[in-house]
Amino acid sequence: MQTASDIKDLLLSKHASLKDALGLIDKNAQGICFVTDDKNKLIGLLTDGDIRRCILNGTSLGTAVEKVMQTKFTSFPVSTPQEIIQSKLSHQIRHIPLVDENNVPVDYACF
């Protein structure tokens with residue numbers, strides 16, 4: 001599991017563009033970003049594969065991430081026992097955001 005200090009390297013505002021998301025994903029080298037609303041609450045995920053599919057379908061790199069992010073994803077409260085988190089990680093679910101009581105991402109687990 002990563003440390004909380006690493007989480008900010010994966011956070012992106014829903015207003016950011018796909019180009020911004022690509023830059024963040026390139027910088028964090030995790031292949032993913034966690035999308036937050038104006039109150040820093042977790043509202044979606046976006047992977048490098050999602051962005052590739054958007055580009056192939058003709059979506060502009062200026063498009064806001066909130067228009068293309070995944071809204072169905074797995075997250076857990078930060079207090080969730082490690083064995084439960086680890087049991088959900090797989091080749092299909094490689095990152096799980098861990099949120100506080102306000103649904104603000106504070107940490108993440110990765111496969």
* To do: May I have the step-by-step check of side-chain contact (heavy atoms from CB on, under 4.5 Å) for Leu61 and Ile55, ending in yes or no?
  => CA-CA 7 Å; Leu61 285 177; Ile55 292 169; 3.8 Å; yes

When you look at Ile43 and Phe34, which way does the side-chain contact (heavy atoms from CB on, under 4.5 Å) test go after all the steps? CA-CA 8 Å; Ile43 58 169; Phe34 303 145; over 6 Å; no

- Full working for side-chain contact (heavy atoms from CB on, under 4.5 Å) between Leu98 and Thr80: CA-CA 8 Å; Leu98 305 175; Thr80 302; 5.5 Å; no

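Between the Asn28 side chain and the Asp9 main chain, a donor and an acceptor come within less than 3.5 Å of each other. With hydrogens and angles disregarded, a donor-acceptor distance shorter than 3.5 Å links the side chain of Asn57 to the backbone of Arg53. At distances below 3.5 Å, at least one donor-acceptor pair connects side-chain atoms of Asn103 with backbone N or O atoms of Leu42. With hydrogens and angles disregarded, a donor-acceptor distance shorter than 3.5 Å links the side chain of Asp37 to the backbone of Lys39.
For the residue pair Tyr108 and Pro97, the shortest heavy atom distance occurs at CB-CA, 4.1 Å. A pairwise comparison of heavy atoms in Ile85 and Phe76 identifies CG1-CD1, 4.0 Å as the closest pair.
Side chains of Lys41 and Thr36 form no contact here, defined as non-hydrogen atoms less than 4.5 Å apart. Residues Val106 and Val99 form no side-chain contact, since every pair of their non-hydrogen atoms from C-beta on lies 4.5 Å or further apart. Taking 4.5 Å as the limit, every side-chain heavy atom of Ile32 sits out of range of all side-chain heavy atoms of Leu46.
To the nearest 0.5 Å, atoms NZ (Lys8) and CG (Asp6) are separated by 7.5 Å. Between Leu45 atom CG and Ile96 atom CD1 the span is 10.0 Å, to the nearest 0.5 Å. Taking CG of Asn40 as the reference point, atom CG of Leu11 lies at 8.0 Å (rounded to 0.5 Å).
The side chain to side chain contact (heavy atoms under 4.5 Å, CB included) test applied to Ile25 returns Cys33, Asp48, Ile51, not counting sequence neighbours. Listed by chain and number, the residues in a side chain to side chain donor-acceptor pair (under 3.5 Å) with Ser17 are Asp20 (sequence neighbours excluded). Checked against side chain to side chain donor-acceptor pair (under 3.5 Å), Asp38 has the following partners two or more places apart in sequence or in another chain: His15.
For residues 69-78, the set of pairs meeting the side chain to side chain donor-acceptor pair (under 3.5 Å) definition, not counting sequence neighbours, comprises Asp50-Gln70. Sorted by first and then second residue, the pairs that involve residues 87-100 and meet side chain to side chain donor-acceptor pair (under 3.5 Å), not counting sequence neighbours, are Gln30-His95.
The hydrophobic cluster containing Leu56, built from Ile/Leu/Val/Met/Phe/Trp/Tyr side-chain heavy atoms closer than 4.5 Å, comprises no other residue.
Hydrophobic clustering, with ILVMFWY side chains joined whenever heavy atoms are under 4.5 angstrom apart, keeps Leu10 apart from Val65. No continuous path of ILVMFWY side-chain contacts below 4.5 Å connects Val35 to Phe73, so the two sit in separate hydrophobic clusters.
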